[in-house]
Novice: 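A single structure is presented below for examination.
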Amino acid sequence: MSAPVSRIREPLIEGHKSYHDITEDLVGPTEKAPNTMWMVAIVISISLFAYGMFALCWTFYFGIGTWNLNRTVGWGYDITNFVWWIGIGHAGTLISAILLLFRQRWRTGVNRSAEAMTIFAVMCAGLFPATHTGRPWLDFFMFPYPNTRGPLWVNFDSPLLWDLFAISTYFTISLLFWYTGLVPDFASVRDRAKGVRKKIYSFFAMGWTGKAKHWQRWEYLSLILAGIATPLVLSVHTIVSFDFATSIVPGWHTTIFPPYFVAGAIFSGFAMVQTLMIITRKCLNLQQYITLSHLESMNKVILVTGTMVGSAYLIELFISWYSGYVYEQFAFLNRAAGPYYWAYIGMMSCNLLAPQVYWSKKIRRSVWWTFFISIFVNIGMWFERFVIIATTLAKDFLPSSWSYYWPSWVEIGIFIGTLGLFFMLFLAFTRVAPVVAIAEVKAILKQYGDQYLGPNATEDHKPDHAEAH
Amino acid sequence: MSAKYKDVLFGLYDDEVIMMNAIKKANAKHLDIMDVYSPFPIHGLDKLLGMDESRLHIVGFIFGLLGCLVGFLGMTWIFTSDWPTIFGGKPYWAIPAFIPVTFEMTVLFCGIGMTVVFYIICGMGFGVDNPVLHDRITDDKFCIAFQTNDMSDDGVDGLKGFFDETGAEEIHTKRI
């Protein structure tokens, strides 16, 4: 790496890249045959996905009764996994939209893959409620359309319907945002390709030529999509939390849920981005684009949101005691010391304690630590949803109906299947599209790369032409 | 512009700074630039080329407003006139309960509308094959293009001279 030329900032792109080097490095992986590691990974993912499909078919054939849900615990593994996946999806839009509005340039290194991750995670999430309806082939009944049953409309006063709208909108907007960003990069791939490959990429590049006017509009479009996606991303997990908060179940009926769910979603989403990015940057050799300073920035977000989530856990405990409401008090005592105490311990240690190591700069910049903590956070956030859902429902108002819920092999199989689906799609994505936004990285190269040309640059780094005028 | 094809003379530059300087010179000489192409968005280029601000945000606003109205008025019509139903003791016209769906519809319409309009006005779409002047424009070359359909040889030579003078690395002609 050449010496950093800005006195204030660490470079976001290392290795003294030229524009052409960036194209080579980022388009390159899509042009070569996949390596053995990729092949092994895709075979494993497809196997997991196939197992999930088998479990899903089993569910469709024998019915929801093959799940261990019962009258007391009507939401179990499926809704836990649904909320977990939706949460993971939040990092992509946060990175691409909110960080764009805040002009955080480090987003360019990771936004493409994070957005892809969002789309794949939302697909995995959607599978659970769709299946849980029991007759997924009638799921279109949930959309309000003029029908021959009256017309009988859906219940617009229900948070479950709001959720349908929120998640469909979220998926659509994320997809548009991601694809619009991909179009210029597909054009880069197209212009290097030959034969059938060129034809395929020509189709998907939509005739992009790089005209000045198109770039101007493209930037406007990105900015406004970011502007509308920012409240959208906050609204989605808020509405997911409404699924719980608008009920009258003790332990769910709390006003802290929306902000705490949003913080938790960002927290778990960033953890998943870290997990994926650390593997991707290593496999595709992108350490100069996804640098330690990118990882550190994301770790800071994890630390902040993890602490927010941790505080929310403690506030919940305090409020349940302070409320003087015995059912609420019981709900929280039951979470911490009831039959699911192990899930509570898992949640507290992974979400509240684990990220606190990031107060140390050395750990924030360590790849191994980052990887391990990201796995912990992924697990911890899964436990959080399990604690909220299963623990709360298992011991309800009526002690005679108390139960202990544990998923059946079918439910676990579907979850494993979504993990397979997620990694399968992500692996496929790394083969067909540039995993780092080429045009956006080029656009920040001179100001934020290690060939900075601004007023703080040292003389010997200014290229000859800079003095030409 | 009435001809079916365009004869284009274009120069490729290695760096956006050199190209921006060339555009300034072209403006000073009152040369009529047909278009400028680049591998990434360059800030300040639109002003240099005398482009108006994009009006895409107005499109976004109109579609957003439409979505907002469709959502809110749609729910209002359904729950107050088409099939009034009481849910959980709420009034038929339960405005606070309509807010989430209204918001989502606003965002959905705005996003889809704006994106579709963007592709239409840029003449883009799946499978559209717009002529590409040079393969490296989407890689690392910055291009200034002039239309030379009705231009005299002297005029073309003048433009070539301009490219040489301003540091263009390559000069090409193409009929598109």
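For clarity, every value in this text was computed on a predicted model and none was experimentally measured. Just so it is clear: chains get the letters A, B, ... in the order the sequence lines come, proteins before strands, and each one is counted from 1.
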Novice: Sort Leu133(B) into side chain, backbone, both or neither according to what part of it lies under 4.5 angstrom from a heavy atom of chain A.
Specialist: neither

Novice: I need the Asp191(A) CG to Lys141(B) NZ distance, nearest 0.5 Å.
Specialist: 14.0 Å

Novice: Any residues in residues 167-174 of chain A near chain B, with a heavy-atom distance under 4.5 Å, and which are they?
Specialist: Thr169(A), Thr172(A), Ile173(A)

Novice: Let me know if Ile228(A) has heavy atoms under 4.5 Å from chain B in its side chain, its backbone, both or neither.
Specialist: both

Novice: Given a strict heavy-atom distance threshold of 4.5 Å, which part of Tyr92(B) is in contact with chain A: side chain, backbone, both, or neither?
Specialist: neither

Novice: With a 4.5 Å cut-off on side-chain heavy atoms, are Thr180(A) and Thr115(B) touching?
Specialist: yes

Novice: Taking the side chain as everything from C-beta on, heavy atoms only, tell me whether Lys213(A) gets closer than 4.5 Å to Asp35(B).
Specialist: no

Novice: Top residue by heavy-atom pair count (under 4.5 Å) with chain A, among Val117(B), Asp82(B), Leu49(B), Asp14(B)?
Specialist: Asp82(B)

Novice: Would you say the ring centroid of Phe40(B) lies under 6.0 angstrom from that of Tyr19(A)?
Specialist: yes

Novice: Name the option with the most non-hydrogen atom pairs under 4.5 Å to chain B; the candidates are Ser235(A), Gly210(A), Ala439(A).
Specialist: Gly210(A)

Novice: Under 4.5 Å between any side-chain heavy atoms of Ile137(B) and Thr209(A), yes or no?
Specialist: no

Novice: Is any side-chain heavy atom of Asp157(A) less than 4.5 Å from a side-chain heavy atom of Phe79(B)?
Specialist: yes

Novice: Between Ile42(B) and chain A, with a heavy-atom cut-off of 4.5 Å, which part of the residue counts as in contact: side chain, backbone, both or neither?
Specialist: neither

Novice: Taking all heavy atoms of Gly111(B) and all of Leu225(A), pick out the closest pair and write down the distance.
Specialist: CA-CD2, 3.8 Å

Novice: With only heavy atoms counted, which part of Pro231(A) is less than 4.5 Å from chain B, the side chain, the backbone, both or neither?
Specialist: both

Novice: Could you state the interatomic distance from CD1 (Ile224(A)) to OG (Ser54(B)), rounded to the nearest 0.5 Å?
Specialist: 7.0 Å

Novice: Mind running side-chain contact (heavy atoms from CB on, under 4.5 Å) on Val128(B) and Met206(A) for me, showing each step along the way?
Specialist: CA-CA 5 Å; Val128(B) 172; Met206(A) 295 175 120; 5.7 Å; no

Novice: So what's closer than 4.5 Å to chain B heavy atoms on Val183(A): side chain, backbone, both or neither?
Specialist: side chain

Novice: Please name all residues satisfying side chain to side chain contact (heavy atoms under 4.5 Å, CB included) with Ala187(A), sequence neighbours left out, ordered by chain then number.
Specialist: Arg190(A), Ala205(A), Trp208(A), Thr138(B)

Novice: Shortest non-hydrogen contact from Trp215(A) to Ser38(B)?
Specialist: NE1-O, 2.8 Å

Novice: For the atom pair CG (Leu56(B)) and OH (Tyr220(A)), what is the distance rounded to the nearest 0.5 Å?
Specialist: 9.0 Å

Novice: Indicate yes or no: at least one non-hydrogen side-chain atom of Phe98(B) is less than 4.5 angstrom from one of Trp162(A).
Specialist: no

Novice: So, for Gly207(A) and Asn130(B), which heavy atoms are closest and what is the spacing to 0.1 Å?
Specialist: O-ND2, 2.8 Å

Novice: Is any side-chain heavy atom of Phe165(A) closer than 4.5 Å to a side-chain heavy atom of Pro100(B)?
Specialist: no

Novice: Measuring heavy-atom distances to chain A, does Pro131(B) have an atom under 4.5 Å in its side chain, in its backbone, in both, or in neither?
Specialist: backbone

Novice: Assess whether ring pair (Phe, Tyr, Trp, His ring centres under 6.0 Å) is satisfied between Phe87(B) and Phe156(A), documenting all intermediate values.
Specialist: CA-CA 9 Å; Phe87(B) 293 105; Phe156(A) 291 105; 9.1 Å; no

Novice: Among Glu219(A), Gln216(A), Arg217(A), exactly one meets side chain to side chain contact (heavy atoms under 4.5 Å, CB included) together with Asp46(B). Which residue is that?
Specialist: Gln216(A)

Novice: Quick one: closest heavy-atom pair of His214(A) and Cys122(B), and the distance?
Specialist: CE1-O, 3.2 Å

Novice: Measuring only between side-chain heavy atoms, which start at C-beta, is Met114(B) closer than 4.5 Å to Leu221(A)?
Specialist: yes

Novice: Using heavy-atom distances under 4.5 Å, tell me whether Pro151(A) contacts chain B through its side chain, its backbone, both, or neither.
Specialist: both

Novice: For the atom pair CZ (Arg136(B)) and OG1 (Thr23(A)), what is the distance rounded to the nearest 0.5 Å?
Specialist: 8.5 Å

Novice: Does the ring center of Tyr179(A) lie less than 6.0 Å from the ring center of Phe126(B)?
Specialist: yes

Novice: Go through Gly88(B), Pro41(B), Gly127(B), Ala94(B) and name the one with the most non-hydrogen pairs under 4.5 angstrom from chain A.
Specialist: Pro41(B)

Novice: For the residue pair Lys442(A) and Asp139(B), establish whether any side-chain heavy-atom pair is separated by less than 4.5 Å.
Specialist: yes

